[in-house]
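Values below: every heavy atom of this structure, side chains too, minus hydrogens, waters and symmetry copies. Bear in mind the structure is a predicted one, so any value in this text is a computation, not a measurement.
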Amino acid sequence: MRPLIRTARCCLRARERAMATFSVAPAAISSSTAARPLSSLRPHRRLLLPCFLHTAPAPAGARALRTSAAAASAVEVGGVKIARKDVVKEDDPTNNVPDTIFSKIGLQLHMRDNHPLGILKNTIYDYFDKNFAGQFYKFDDLCPLVSVKQNFDDVLVPADHVSRSYNDTYYVDGQTVLRCHTSAHQAELLRDGHTHFLVTGDVYRRDSIDSTHYPVFHQMEGFRVFSPDDWSGSGMDGTAYAYAAADLKKTLEGLARHLFGAVEMRWVDTYFPFTNPSFELEIYFQDDWLEVLGCGVTEQEILKRNGRTDHVAWAFGLGLERLAMVLFDIPDIRLFWSNDKRFTSQFSEGKLGVKFKPFSKFPPCYKDMSFWINDEFTENNLCEVVRGIAGDLVEEVKLIDNFTNKKGMTSHCYRIAYRSMERSLTDEEINDLQWNVREAVKSKLKVELR
Ligand code: PHE
């Protein structure tokens with residue numbers, strides 16, 4: 001979660017963050033009597049836009065075959081070659097992309113038809129194909145390296161918004177980021193003349209570690225433009241905005257029923273810089289309210305700047321992992337990245353909602369570490385260091401103690417849960433990991449271990 005208000009983070013800590021970068025705690029609940037629960041579930045085309053770091057397109061068949069994180073020195077997305085050295089720059093203080101993140105670029109999990117994310121994407125496509133035959137243009141291969149302008153300025157994210165910070169976003173350099181949402185493509189697609197589109201892709205956010213949060217996840221963006229002919233001919237009372245909002249809600253309620261069946265739904269008012277009004281759609285599912293997506297009527301300024309004065313539009317964005325975790329009963333977000341046959345073989349094309357059967361639950365191992373923090377310390381930085389050492393063997397990093405002594409020094413104690421999704425870890429292996437984590441935390445974060 002990238003709240004506009006910093007303190008909202010811990011209050012909303014229990015909520016799934018794999019979607020809403022820009023929302024804040026809802027101002028009001030528009031259509032429900034119930035208080036908003038904080039415990040709601042935690043759970044193609046060729047690249048039109050030149051990739052920001054465009055180098056010569058790789059020849060056909062040049063897609064790197066990777067075997068391990070750092071093994072590939074270049075990958076390809078939508079015909080654009082992305083070299084490691086262009087993304088990971090250890091000596092450049094304006095760069096904060098580690099190898100663990102580079103290793104995810106180009107994997108394109110949403111392109112795999114037998115993967116839960118691909119199955120979900122295709123099911124959403126089916127809904128749009130059935131109800132709006134041929135209208136929505138689909139993009140799922142747009143380069144995740146975008147300019148700061150695309151990611152933030154073009155969608156009116158304020159200059160002081162927390163999501164722009166190095167703590168929250170992966171910067172390749174001062175002008176280039178790994179997109180933190182698929183909304184980064186709205187403006188250019190509009191300028192290219194598109195009026196109906198879906199954009200699916202991997203998005204990147206620096207974040208803390210637990211079973212529903214991973215620094216790379218997948219979103220789908222939907223966007224639809226209306227011209228004056230649409231609303232004037234509708235016979236509907238009210239403004240163009242009301243027309244767009246009504247169409248948005250009807251379309252997304254239909255989508256939610258397509259995915260979840262006949263569920264109870266409610267609309268919650270919220271805030272995004274690029275839409276006004278803005279909403280979240282929630283459904284009542286498995287005894288809890290689940291946030292399905294964020295959406296709203298597009299800010300007029302975005303349309304005006306991109307050649308659509310006198311039009312109105314709606315947009316939505318949804319996190320594929322959070323929905324797939326519920327639909328397929330997937331208990332840990334790391335599983336989406338697993339190549340273990342016992343995971344991958346359980347899913348097949350076109351079969352939404354097949355329940356995942358855990359192949360076995362390996363025990364977690366907990367290790368605590370305490371240190372005096374300094375002014376620069378952030379939990380996201382800690383998590384990055386831990387992940388850099390332990391990779392996907394780390395399941396959770398949790399603050400369990402926090403105090404300030406009389407001299408004003410603050411101590412944090414974190415409990416790290418190590419657990420493999422695929423095998424038992426040995427004591428020796430975990431002790432080694434923990435030792436390396438402690439050394440790395442000490443040297444990289446300059447904190448004083450206790
Ligand atoms: N980009 C928003 C996010 O990542 C989601 C969104 C998309 C909201 C489009 C409204 C409209 O949180």
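- Aromatic pair F356/F343: centroids less than 6.0 angstrom apart.
- Other residues, nucleotides and ligands place more than 12 heavy atoms under 6.0 Å from the NZ atom of K355.
- Salt bridge absent: K444 and E376 never bring a charged side-chain N and a carboxylate O closer than 4.0 Å.
- For D340, the side chain to side chain donor-acceptor pair (under 3.5 Å) test picks out R342, with sequence neighbours left out.
- Geometrically, R387 engages Y214 in a cation-pi contact defined by less than 6.0 Å to the ring centre and at most 45° from the axis.
- Evaluation of the side chain to side chain donor-acceptor pair (under 3.5 Å) rule for T298 yields no partner, not counting sequence neighbours.
- For F377 and H412, the ring centers are positioned less than 6.0 Å apart.
- Applying the salt bridge (charged side-chain N to carboxylate O under 4.0 Å, His left out) rule to D153 yields the partners R164; only residues at least two apart in sequence or on another chain are considered.
- In summary, the side chains of N122 and E349 do not present any donor paired with an acceptor at a separation below 3.5 Å, with no hydrogens or angles considered.
- Residues that satisfy the salt bridge (charged side-chain N to carboxylate O under 4.0 Å, His left out) test with D247, not counting sequence neighbours, are R224.
- A search for side chain to side chain donor-acceptor pair (under 3.5 Å) contacts involving D129 returns K138, not counting sequence neighbours.
- If you look at F274 and H181, their ring centroids are closer than 6.0 Å.
- In this structure, a donor-acceptor pair under 3.5 Å is present between the side chains of R191 and N306.
- A salt bridge does not link D401 to R415: none of the charged nitrogens lies less than 4.0 Å from a carboxylate oxygen.
- Y418 meets the side chain to side chain donor-acceptor pair (under 3.5 Å) test with Q434; sequence neighbours excluded.
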